[in-house]
Q: 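The following block contains the structure, expressed as structure tokens.
No experiment lies behind these values; they were computed from the predicted model shown. Just so you know, residue 1 is the first one in the sequence shown, and it goes up from there.
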Amino acid sequence: MEELYEQGKVRAIGLSNLLPHHIRPVLEAARIRYMVDQLELHVGYMQEYTLSYLRNEGILLQALSNLGRARFINDGVVAKTAARYGCTNAELLLRYLNQRGIPVIPKSSSKERMKENLDIFGFRISEDDMSYLSCLPERGWSGEHPDEV
């Protein structure tokens, strides 16, 4: 990948599902700095330590499984907050990550949901609601830990 980067054939080198204790030795050996790490990240599983580590290292975290593997689509707690903004649970959850400066990769096979996933810029979540969503207990995690898969 480093050779491809140096040849201009790729514009970025990324990681997937790596945590700080995986990344440290990789960074020591790399000639070219890694630029992104795709990682499961959503309300109920924010991985704050890893997020902080990546930001300190200048590596962009790109969120996967943004909706907690669809476990939050019909979640009543999230729905109460979404109702205040006149949006769906999915829109609220994607906006939450976006508002925190975290790029998202929403997954859908439905054309309607794809449009919905793009419609997250017409509102801003209040600081109190951001705090509330950030402090929800852990849930929605896939159960797939990189050290155990």
Q: Could you give me the CA-CA distance, side-chain angles and deciding distance for E3 and K9, then say whether salt bridge (Lys or Arg N to Asp or Glu O under 4.0 Å) is met?
A: CA-CA 9 Å; E3 289 174 18; K9 294 182 179 178; over 6 Å; no

Q: Identify, with sequence neighbours excluded, every residue that meets ring pair (Phe, Tyr, Trp, His ring centres under 6.0 Å) alongside Y5.
A: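 Here no residue qualifies.
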
Q: Starting at CG of N17, measure out to CD of Q38 and round the result to the nearest 0.5 Å.
A: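 That separation rounds to 8.0 Å.
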
Q: For Q7, I'd like to know if atom CD has over 12 heavy atoms of other residues, nucleotides or ligands within 6.0 Å.
A: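 Enclosed.
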
Q: Give me the atom names and distance for the closest heavy-atom approach of E40 to S65.
A: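 Smallest interatomic distance, heavy atoms only, reads CG-CB, 3.8 Å.
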
Q: Same hydrophobic cluster for L41 and I73, using side-chain heavy-atom links shorter than 4.5 Å among ILVMFWY?
A: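 In one cluster with L41: I73, yes.
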
Q: Taking atom CG of L133 and atom CG of L97, what is their separation to the nearest 0.5 Å?
A: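 CG of L97 is found 9.5 Å from CG of L133.
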
Q: Sequence neighbours left out, what pairs pass ring pair (Phe, Tyr, Trp, His ring centres under 6.0 Å) with at least one residue falling in residues 73-125?
A: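 Every ring pair (Phe, Tyr, Trp, His ring centres under 6.0 Å) pair that includes a residue of residues 73-125, provided the two are not neighbours, is Y85-F123.
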
Q: Are side-chain heavy atoms of L39 and Q47 found at a separation under 4.5 Å?
A: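 When only atoms from C-beta onward are counted, Q47 and L39 do touch, with a gap below 4.5 Å.
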
Q: What's the separation between atom SG in C87 and atom CD1 in I120, rounded to the nearest 0.5 Å?
A: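 Taking SG in C87 and CD1 in I120, the distance rounds to 10.0 Å.
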
Q: Just verifying a value: how many Å separate I23 CD1 and E28 CD, rounded to the nearest 0.5 Å?
A: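 Between atom CD1 of I23 and atom CD of E28 there are 12.5 Å.
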
Q: Calculate, to the nearest 0.5 Å, the distance between atoms CG and CG belonging to L94 and L67 respectively.
A: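 Rounded to the nearest 0.5 Å, the CG-CG separation comes to 5.0 Å.
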
Q: Just by distance, do the side chain of Q99 and the backbone of I125 share a donor-acceptor pair under 3.5 Å?
A: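 Yes; at least one donor-acceptor contact below 3.5 Å.
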
Q: CG/L19 to OG1/T50 distance, rounded to the nearest 0.5 angstrom?
A: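 Taking CG in L19 and OG1 in T50, the distance rounds to 5.0 Å.
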
Q: More than 12 heavy atoms of other residues, nucleotides or ligands under 6.0 Å from CZ of R11: is that the case?
A: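 Counting neighbours around CZ of R11, 12 or fewer heavy atoms of other residues, nucleotides or ligands fall under 6.0 Å, so no.
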
Q: So, for I32 and E6, which heavy atoms are closest and what is the spacing to 0.1 Å?
A: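 For I32 and E6, the tightest heavy-atom pair comes out as CD1-OE2, 3.9 Å.
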
Q: State plainly whether one hydrophobic cluster holds both V77 and F72, where clusters connect Ile, Leu, Val, Met, Phe, Trp and Tyr through side-chain heavy atoms under 4.5 angstrom apart.
A: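 The answer is yes; both residues are in one hydrophobic cluster.
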
Q: Should M130 and Y132 be counted in the same cluster of Ile, Leu, Val, Met, Phe, Trp and Tyr side chains packed under 4.5 Å apart?
A: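 Yes, M130 and Y132 fall within the same hydrophobic cluster.
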
Q: How far apart are the C-alpha atoms of L92 and T81, what are their side-chain angles, what is the distance that settles it, and do they pass the side chain to side chain contact (heavy atoms under 4.5 Å, CB included) test?
A: CA-CA 8 Å; L92 180 76; T81 305; 3.8 Å; yes

Q: Can you list, pair by pair, the side-chain donor-acceptor contacts under 3.5 Å of residues 51-61, counting residues two or more places apart and other chains?
A:
from, atom 1, to, atom 2, distance (Å)
R55, NH2, R100, O, 2.6
N56, ND2, S52, O, 3.4
E57, OE1, R33, NH2, 2.4

